[in-house]
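Input: a single structure, listed below in structure tokens.
Convention: sequence-line order gives letters A, B, ...; per-chain numbering from 1.
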Protein chains: 2
Amino acid sequence: MAISTTETHYFIQGRIWIDSDKGPFLGFGRIQLLKKIREYGSISQAAKSMEMSYRQAWQLIESINLKAPQPLVIKTTGGKGGGGALVTEAGENMIATYEALDQAFLEFLEMKSKELKL
Amino acid sequence: MAISTTETHYFIQGRIWIDSDKGPFLGFGRIQLLKKIREYGSISQAAKSMEMSYRQAWQLIESINLKAPQPLVIKTTGGKGGGGALVTEAGENMIATYEALDQAFLEFLEMKSKELKL
DNA sequence: CATCGCTATGCTTGAAAATGAATAACGAAA
DNA sequence: TTTCGTTATTCATTTTCAAGCATAGCGATG
């Protein structure tokens with residue numbers, strides 16, 4: 001049977017993040033940034049690859065490190081290549097934790113979207 | 001046993017909303033507005049009670065009605081009291097649908113917050 | 001000790017969004 | 001036909017926020 005193309009379709013969307021009592025901690029964008037830093041070994045390269053300003057990327061990392069139990073990114077200045085940034089093991093664990101959470105959330109959204117009857 | 005007060009605490013937060021292929025449809029703020037309109041019978045009164053500009057409130061209702069299968073709010077101009085707005089039965093159903101969804105989402109957040117080990 | 005690219009930071013611009021003021025239109029009821 | 005408070009709409013203004021520029025500091029390596 002054909003489905004009418006004039007009908008509006010609906011779906012459920014959302015965002016999820018981790019807050020701390022010090023303020024916003026980790027969301028989708030920050031995790032994406034962490035992964036890019038892991039990939040490139042530098043904040044500036046990561047920012048460029050995401051079409052984000054270096055300034056903003058740096059601030060995000062600063063904010064993350066301030067709220068994390070231990071630093072998630074270690075930054076080095078000067079030296080060979082001018083320095084760089086690398087994701088710590090605590091950072092890796094955080095990425096994994098967030099991605100598991102996000103996956104569960106996606107499944108929740110999908111389930112609720114299917115249940116949705118307007 | 002005492003718990004250290006210097007430790008940072010974390011919790012999961014999020015937002016959830018209903019989108020349509022015509023664009024954003026219903027979120028927390030719009031539902032809140034619908035409920036205020038139901039309470040006051042007028043967009044302007046509802047807006048005032050939420051400290052929202054009438055202009056924005058009117059635009060939100062316009063956007064909602066355009067995307068809904070049937071109008072959720074009926075607006076009348078002129079007449080006794082100058083007119084007003086009322087929430088249709090379809091609107092009532094939409095409020096109920098969203099609130100059930102939001103409740104389930106809150107439970108999801110709570111569950112995941114408890115599971116959270118950083 | 002000169003080079004290099006990155007971190008670190010302040011300052012200036014600019015664009016986008018929300019606000020508020022102002023006003024027309026409306027129509028039931030007195 | 002006058003009144004009233006609301007809907008409906010435009011416009012200039014303000015506020016908010018991000019982007020971009022500009023530049024100093026750093027230190028391993030050659």
Query raised in the report: Which residue, Gly79(B) or Gly81(A), contacts DNA chain D at a nucleotide closer to its 5' end, judged by nearest heavy atom?
Result: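 Taking each residue's closest nucleotide, the earlier one in sequence belongs to Gly79(B).
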**Report entry** Closest-nucleotide ordering on DNA chain D, the 5'-leading residue of Thr77(A) and Met52(A)
**Finding:**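 Result: Met52(A).
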Round to the nearest Å and state the distance from [X] atom [atom1] to [N] atom [atom2].
X	N	atom1	atom2	answer
Tyr54(B)	dA24(C)	OH	C1'	12 Å
Ile43(B)	dC26(C)	CD1	C1'	14 Å
Gln56(B)	dA21(C)	CD	C1'	17 Å
Gln59(A)	dG10(C)	CD	P	10 Å
Lys80(A)	dT7(C)	NZ	P	15 Å
Leu60(B)	dA17(C)	CG	P	14 Å
Ile74(B)	dT6(D)	CD1	C1'	16 Å
Ile61(B)	dT6(D)	CD1	P	16 Å

Mind checking the [atom1]-[atom2] spacing from [X] to [Y]? Nearest 0.5 Å is all I need.
X	Y	atom1	atom2	result
Ile18(A)	Ile64(A)	CD1	CD1	10.5 Å
Glu99(A)	Lys35(A)	CD	NZ	3.5 Å
Leu26(A)	Ile16(A)	CG	CD1	12.5 Å

Query raised in the report: Hey, does Glu62(B) reach any base, or is it just sugar-phosphate, or nothing, if we go heavy atoms under 4.0 Å?
Result: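 No contact.
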Query raised in the report: Do Arg55(A) and dT7(C) have a side chain to base donor-acceptor pair shorter than 3.5 Å?
Result: no
**Report entry** Residue met sooner reading DNA chain C from 5', once Gly83(A) and Gly82(B) are mapped to nucleotides
**Finding:**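 Looking at the nearest nucleotide for each, Gly83(A) comes out on the 5' side.
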**Report entry** Among dC6(C), dT7(D), dT7(C), the one nearest Gln45(A) by side-chain distance
**Finding:**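 Nearest to the side-chain atoms of Gln45(A), counting from C-beta on, is dC6(C).
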Query raised in the report: Do Glu62(A) and Lys75(A) meet the salt-bridge criterion of a basic N to acidic O distance under 4.0 Å?
Result: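 A salt bridge links Lys75(A) with Glu62(A).
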At under 4.0 Å, does any side-chain N or O of [X] touch on OP1 or OP2 of [N]?
X	N	answer
Lys75(B)	dA8(D)	yes
Trp58(A)	dA8(C)	yes
Ser44(A)	dT7(C)	yes

**Report entry** is_close_aromatic(Phe25(A), Phe11(B)), centroid dist under 6.0 Å
**Finding:** no
